[in-house]
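Structure first, then comments.
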2 protein chains.
Amino acid sequence: MTRKATMKDVARAAGVAPMTVSRAFKSNASVNAETRAKVMEAAEALGYVFDSAASNLRSRKSGFVAAIIPSLNNANFADTIGAMSKVLEREGLQILLGYTSYSIEEEERLIEKLLRRSPEAIVLTGGHHTERARKLLDKATVPIVETWDLPEHPIEHVVGFSNSKAMKGLVDHLVDKGFTKIAFLGGDASADLRGQARLIGFIEALEQHGLDTSRLIAAGPAPVAMREGALAMEHLLKAYPDTEAVVCVSDLTAFGALTECQRRGIRVPEDISIAGFGAYDISAFAHPTITTIEAFSAEIGRKTGQMIARLLRGDDPPEGPQCEEISPQLVVRQSTP
Amino acid sequence: MTRKATMKDVARAAGVAPMTVSRAFKSNASVNAETRAKVMEAAEALGYVFDSAASNLRSRKSGFVAAIIPSLNNANFADTIGAMSKVLEREGLQILLGYTSYSIEEEERLIEKLLRRSPEAIVLTGGHHTERARKLLDKATVPIVETWDLPEHPIEHVVGFSNSKAMKGLVDHLVDKGFTKIAFLGGDASADLRGQARLIGFIEALEQHGLDTSRLIAAGPAPVAMREGALAMEHLLKAYPDTEAVVCVSDLTAFGALTECQRRGIRVPEDISIAGFGAYDISAFAHPTITTIEAFSAEIGRKTGQMIARLLRGDDPPEGPQCEEISPQLVVRQSTP
DNA sequence: ATGAAAGCGCTAACAA
DNA sequence: TTGTTAGCGCTTTCAT
C-alpha cells in the first residue's frame with residue numbers, strides 16, 4: 001500500500017515544480033496549457049486527490065459558507081438553502097449546513113462548532129440568538145447574514161421579511177371579507193420565533209380592527225406541522241365552535257386543520273375559512289386549495305447568496321450592513337372566500 | 001487589528017506549551033484539571049477559536065462524513081440525514097451534505113468535490129453511479145455506504161431495502177382485494193432510479209398475477225411530486241378510465257392524484273383506490289388517509305451512522321462489506337379497501 | 001502530566 | 001510562465 005499521492009508526487013511525475021501543480025489546479029492561474037495538460041495527466045495516473053485541508057490552512061480560505069436552519073425537514077428552508085447553494089457554487093463556495101431543531105441554545109453550540117471550520121460567511125435563520133452566540137459572531141470577521149426575519153437589532157446583514165407584517169396583511173384580508181371571529185393555530189411561545197412573530201402580527205391586526213383576540217390555540221413545541229394542526233383544530237372547535245376563520249402558523253398546520261374539518265364533515269370554506277403561511281406545495285394541491293402567504297423562500301436564498309458573493313469579492317466600495325427586504329405576497333385560494 | 005489568536009498565543013498566556021493547549025481541547029487527553037481550566041480561561045480571554053483545517057492536516061482526520069442525497073427538499077431523505085447526523089454527532093463527526101438533483105453525473109462531480117475534503121466515510125443514496133464515480137470511490141480508502149437500495153454490485157457497505165420487492169408487496173395486497181386493472185403513476189425512466197425500481201417491481205408483480213401491465217403513466221423528470229401526480233391522474237383517467245387502483249411512486253404523487261380525483265368528483269376509495277410510497281406525513285393526514293409503504297427513512301440513517309461509527313472505531317475484528325437490509329412495511333389506510 | 005522538535009500538504013511572496 | 005523558499009496552526013512522536 002502506497003501512501004496517498006501529494007502535489008510533490010504529481011510534480012515529480014510531470015517534471016515540474018509543486019507550485020506549478022498548484023497553479024494547474026486553480027482555474028484562473030497562469031499556466032501554459034500544455035503544462036497544465038501534462039500535470040493533469042500525471043495527477044490522473046497517480047490517482048491524486050487535492051487536499052483542501054492543506055490548501056485552507058495555507059491560503060486562509062476554507063471555501064465554506066456556514067448556514068444554520070431550524071430544521072432540515074422543511075420545504076421552505078430547503079428551498080432557501082438550495083437557491084443559495086446554487087449561487088455560491090459558482091463562486092467556488094460550499095455550504096456547511098447545520099440545523100438547530102428550533103433551539104437557540106443548539107444554535108449557539110452549532111455556531112461554535114462551525115466557526116472552527118473557518119467559514120467565509122455565516123448565514124443564520126432568524127434574528128434571535130443567545131447572548132454568547134452574539135458574542136461569538138461579533139468576534140468573527142466574516143460577513144454574517146440573518147434571514148427569514150427583519151431583526152430589530154441585526155448582527156450585520158439581513159435578507160428577510162416581517163413575519164408580523166405579512167400576517168397582518170392576511171388578517172386584513174379576512175376582516176375585509178367580513179369575518180370577525182378569527183382564530184390562530186400555532187405552537188408554544190418559546191421555540192419557533194418566526195411563528196411567534198406571526199402570532200404577534202395576528203393579534204396586533206385584530207386589535208387594530210377592534211376584534212376579539214382570545215381565539216389562540218397553542219399546539220405544542222416546534223415543529224408545528226400537520227398533526228398539530230389537526231389537534232389544534234379539534235381544540236378550537238371545542239373551545240370556540242362559532243369561529244369563522246382560522247389562521248395557521250404554516251401551511252402544514254393549515255392542512256392538518258383542513259383535514260380535521262373534513263373528517264368532521266365541516267365544509268371549508270362554507271362553514272369555516274382556513275389560511276396558512278409559506279406557500280408550500282400542499283397549499284396549492286390540497287382540495288380545496290389553501291389561502292397562504294408566499295414568502296419567496298428561494299428568493300431569500302438567492303439574494304443571500306448574491307450578497308455574500310458580492311461582499312466576498314469586495315469589488316464594490318466598502319459597504320456597511322446590507323438589508324434586503326422581501327415582500328411576502330398574499331395568495332388567496334379556495335379555503336377562504 | 002490583531003491577527004487571530006493561535007494555540008501558541010493561548011499557550012503563552014496560560015504559561016504552558018502549545019501541546020498542552022492542544023491536549024486541553026481534546027476531551028479524552030490526559031491533562032491536569034487545573035491546567036485545563038487555566039488554558040480554557042486564557043483561550044476565552046483571547047477569543048481563541050480552534051482551527052480545524054490545521055488540525056485536519058496534521059492529524060489526517062477531517063471529522064467529516066460526506067453524504068449525498070438526490071434532493072434536500074424531500075422529507076424521506078431529510079429524515080435519513082437527520083437520524084444519521086444525530087448518531088455521528090456523538091462520534092464527533094459532522095455531515096458534509098451534497099445533493100445531486102437526481103443526476104448521477106452531478107453525483108460524480110459532487111463526489112470529486114467532497115473527496116477533496118477528506119471525508120472519513122462516504123454515504124451515497126442508491127446503487128447506480130457513473131463509471132468514473134465508481135473509480136473515484138474505489139480509490140478512496142474510507143468506508144462507503146450505499147443506502148435506500150440493495151445494489152446488485154455494491155461498492156462496499158449497504159443499508160437499504162429492495163424497492164421492487166416492497167412494491168410487489170403492495171401490488172399483491174391490491175390483487176388480494178380483487179383489483180385487476182391497476183395503474184402506476186411515476187416519472188420518466190432516466191432520472192429517479194429508486195422510482196424506476198418501484199416501477200419494475202410493479203410490473204413484475206402484475207405479471208406474476210397474469211394481469212395487464214399497460215397502465216403506466218410517466219409524468220416527467222424527477223422530482224415527481226404533487227403536480228405530477230395530479231397531471232398523471234388526469235392522463236390516466238383519459239387513457240384508462242376503467243382503472244380500479246392506482247399505485248404511485250411516492251406519497252406526494254399519490255396525494256396529487258387523490259386531489260385530482262376529488263376535484264373531479266371521483267370518490268376514493270369507492271370509485272378508485274390510490275396508494276403511495278414512503279410514509280410521508282401527508283399520507284397519514286390526508287382525507288382520506290393514504291395507503292403507503294413505510295420504508296423507515298430514519299432507521300436507514302440511524303443504522304448507517306452506527307455502521308460508520310463501528311467501522312471507524314475499528315474495535316471489532318476486521319470486517320468485510322456489511323449489509324443491513326431494512327424491511328419496508330405496508331401501511332393500509334383509507335384510500336384502499 | 002507536560003514539553004520540544006518536526007512536519008502534515010499546500011500556497012503566499014518573491015525571484016527569475 | 002515557472003521555480004524557490006518559507007511557513008500556515010496544528011498534532012505526532014519521543015522525551016522527561
Side-chain angles (χ1 to χ4, degrees), chain A residues 2-40 42-43 46-64 92 113 115-120 141, chain B residues 2-40 42-43 46-64 92 113 115-120 140-142:
Chain A
T2 50
R3 62 156 178 55
K4 277 221 163 118
T6 71
M7 268 193 185
K8 219 165 151 183
D9 302 319
V10 177
R12 195 176 307 121
V16 298
M19 194 59 231
T20 302
V21 178
S22 173
R23 290 192 181 106
F25 270 83
K26 303 265 151 247
S27 49
N28 52 356
S30 50
V31 187
N32 187 303
E34 275 176 51
T35 314
R36 171 171 278 142
K38 209 167 51 180
V39 167
M40 288 313 188
L46 290 172
Y48 169 70
V49 176
F50 182 93
D51 184 332
S52 287
S55 172
N56 298 167
L57 175 57
R58 180 63 240 224
S59 66
R60 328 194 105 281
K61 284 193 173 180
S62 65
F64 282 132
K113 195 160 90 178
L115 279 176
R116 295 174 160 216
R117 300 280 184 187
S118 313
E120 300 188 35
T141 56
Chain B
T2 49
R3 62 156 178 54
K4 277 219 163 119
T6 69
M7 265 191 187
K8 219 166 148 182
D9 302 319
V10 177
R12 195 176 308 121
V16 297
M19 195 55 234
T20 302
V21 179
S22 174
R23 290 194 181 102
F25 270 83
K26 303 268 152 244
S27 50
N28 52 354
S30 50
V31 188
N32 187 303
E34 275 175 50
T35 315
R36 171 171 278 141
K38 208 166 52 180
V39 167
M40 287 314 186
L46 290 171
Y48 170 70
V49 176
F50 182 92
D51 185 333
S52 287
S55 171
N56 299 342
L57 175 58
R58 180 63 243 225
S59 66
R60 327 196 105 279
K61 283 193 173 179
S62 65
F64 281 133
K113 196 160 91 179
L115 278 176
R116 296 174 160 216
R117 301 279 184 186
S118 312
E120 299 187 35
T141 56
V142 296

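Below, chains carry the letters A, B, ... as their sequence lines are ordered, and counting in each starts from 1.
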* Structure fact -> With B for base contact, S for sugar-phosphate-only contact and - for none (protein heavy atoms under 4.0 Å), nucleotides 8-16 of chain D reads BBBBBB---

* To do: Give, for atom CG of B:Leu57 and atom CG of A:Asn56, the distance between the pair rounded to the nearest 0.5 Å.
  =>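 Here the rounded value is 9.5 Å.
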
* Asked: Rounded to the nearest 0.5 Å, what separation is found between the NZ atom of B:Lys61 and the OG atom of B:Ser52?
  ->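 That separation rounds to 14.0 Å.
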
* Quick one: does B:Lys4's side chain get under 4.5 Å of A:Thr141's, heavy atoms only? ->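 Yes; the side chains approach each other to less than 4.5 Å.
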
* Any residue meeting salt bridge (charged side-chain N to carboxylate O under 4.0 Å, His left out) with A:Arg12, in chain and number order, not counting sequence neighbours ->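 Residues passing salt bridge (charged side-chain N to carboxylate O under 4.0 Å, His left out) with A:Arg12: A:Asp9.
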
* To do: Using side-chain contact (heavy atoms from CB on, under 4.5 Å) as the criterion, list what pairs up with B:Ala29, not counting sequence neighbours.
  =>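 Here the qualifying residues are B:Arg23, B:Lys26, B:Val31.
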
* **Heavy-atom contact window of chain B on DNA chain C, given 5' to 3' at under 4.0 Å** =>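 Under 4.0 Å from chain B, the extent on DNA chain C is C:dA1 to C:dG9.
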
* Asked: Honestly, is B:Arg116 close enough over A:Phe25, meaning NZ or CZ under 6.0 Å from the six-membered ring centre and within 45° of the axis?
  ->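 No, B:Arg116 does not sit over the ring of A:Phe25.
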
* **Set of ring pair (Phe, Tyr, Trp, His ring centres under 6.0 Å) partners for B:Phe50, sequence neighbours left out** =>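 Scan of B:Phe50 (ring pair (Phe, Tyr, Trp, His ring centres under 6.0 Å), adjacent residues dropped) gives none.
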
* When you check the phosphate oxygens OP1 and OP2 of D:dT1, does a side-chain N or O of A:Thr20 lie under 4.0 Å from one of them? ->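 So the side chain of A:Thr20 is outside the cut-off, no N or O lying under 4.0 Å from OP1 or OP2 of D:dT1.
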
* Please report the closest heavy-atom contact between B:Glu120 and B:Val142, naming both atoms and the distance. =>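 Looking at all heavy atoms of both residues, the closest pair is O-CB, 3.3 Å.
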
